[in-house]
Colleague: 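Structure below; questions to follow.
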Amino acid sequence: MRALYPGSFDPLTLGHLDLIERGCCLFGEVVVAVLQNPGKTPAFSLEQRLAQIKASTAHLSGVRVTSFDGLTVRCAEDIGADLILRGLRAMSDFEYELQIAHTNRSLQPEIETVFLATSAHHSFLSSSVVKEVARFGGRVSHMVPEVVAQDLARLFNLSFSPEQR
Ligand code: ADP
């Protein structure tokens, strides 16, 4: 089966990556689709986010990376996805995710949304938390893939040393 995993990924975290890896095991194919949201100014450009995800998923044969704008269900139709994959960290995610899932199902009843619960040790991770920690020079090497840690260091003008890993 082909799963569409849509999101902002600004930037990709190890929580996202964990979901992609588990999605691959479950469904065989995961298409990670980065949302180009004209209403938001991302920290990383679309090209940077695509490059981060491609580099971080290079070890996975069932992953494809793309971008989209507009409706998620339209993207799912365009790529021939069987389902939309989303992650749940806490109750706070649940309400929002449920609303989006119902909306998508009302638009395209044939495409189910499947939720995977976060791995416990990634449950605190979000792109915003990672940016906040990196902005003040905190260690993020246990939160994001190395390529993202390097980009964050560049973004906030910090020196990146692999020993921080
Ligand atoms: P969006 O702006 O669409 O919420 P995100 O990049 O923040 O995009 O998240 C994409 C998806 O990944 C969402 O379903 C979110 O709940 C999930 N996700 C984010 N962080 C984690 C994590 N640490 N563990 C599991 N799922 C996560």
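Values below: every heavy atom of this structure, side chains too, minus hydrogens, waters and symmetry copies. Nothing here was measured: the structure is a model prediction, and the numbers come from that model. Just follow the structure's listing: the first ligand is 1, and inside any ligand the first atom is 1.
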Colleague: Please output the side-chain donor-acceptor pairs of residues 8-30 that fall under 3.5 Å, not counting sequence neighbours, one pair per line with the distance.
Modeller:
{"residue": "D10", "atom": "OD1", "partner": "A43", "partner atom": "N", "Å": "3.3"}
{"residue": "D10", "atom": "OD1", "partner": "F44", "partner atom": "N", "Å": "2.9"}
{"residue": "D10", "atom": "OD2", "partner": "A43", "partner atom": "N", "Å": "2.8"}
{"residue": "D10", "atom": "OD2", "partner": "K131", "partner atom": "NZ", "Å": "3.2"}
{"residue": "T13", "atom": "OG1", "partner": "G15", "partner atom": "N", "Å": "3.1"}
{"residue": "T13", "atom": "OG1", "partner": "H16", "partner atom": "N", "Å": "3.2"}
{"residue": "T13", "atom": "OG1", "partner": "H16", "partner atom": "ND1", "Å": "3.4"}
{"residue": "H16", "atom": "ND1", "partner": "T13", "partner atom": "N", "Å": "3.0"}
{"residue": "D18", "atom": "OD1", "partner": "S119", "partner atom": "OG", "Å": "3.4"}
{"residue": "D18", "atom": "OD2", "partner": "R22", "partner atom": "NH1", "Å": "2.9"}
{"residue": "D18", "atom": "OD2", "partner": "S119", "partner atom": "OG", "Å": "2.5"}
{"residue": "E21", "atom": "OE2", "partner": "H59", "partner atom": "NE2", "Å": "3.0"}
{"residue": "R22", "atom": "NH1", "partner": "A117", "partner atom": "O", "Å": "3.1"}
{"residue": "R22", "atom": "NH1", "partner": "S119", "partner atom": "OG", "Å": "3.4"}
{"residue": "R22", "atom": "NH2", "partner": "A117", "partner atom": "O", "Å": "2.9"}
{"residue": "E29", "atom": "OE1", "partner": "R2", "partner atom": "NE", "Å": "3.3"}
{"residue": "E29", "atom": "OE2", "partner": "R2", "partner atom": "NE", "Å": "2.9"}

Colleague: Compare all side-chain heavy atoms of F94 with those of R89 and state whether any distance is below 4.5 angstrom.
Modeller: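 A side-chain contact under 4.5 Å is absent here.
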Colleague: If you count only heavy atoms, which residues are under 4.0 Å from ligand 1?
Modeller: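 Answer by chain and number: Y5, P6, G7, S8, F9, G15, H16, L19, R86, G87, R89, D93, E97, T118, H122, L125.
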Colleague: Sequence neighbours left out, what passes salt bridge (Lys or Arg N to Asp or Glu O under 4.0 Å) with R49? Give chain and number order.
Modeller: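 R49 satisfies salt bridge (Lys or Arg N to Asp or Glu O under 4.0 Å) with no residue once adjacent residues are dropped.
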Colleague: For residues 61-81, tabulate all N or O donor-acceptor pairs below 3.5 Å that involve a side-chain atom, not counting sequence neighbours.
Modeller:
{"residue": "E77", "atom": "OE2", "partner": "Q108", "partner atom": "NE2", "Å": "2.6"}

Colleague: How about L46 and Q48: do any of their side-chain heavy atoms sit closer than 4.5 Å?
Modeller: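 They are not in contact (no side-chain heavy atoms under 4.5 Å apart), so the answer is no.
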Colleague: Check step by step if side-chain hydrogen bond (donor to acceptor under 3.5 Å, both in side chains) holds for Q52 and D151.
Modeller: CA-CA 9 Å; Q52 291 165 353; D151 283 354; 2.9 Å; yes
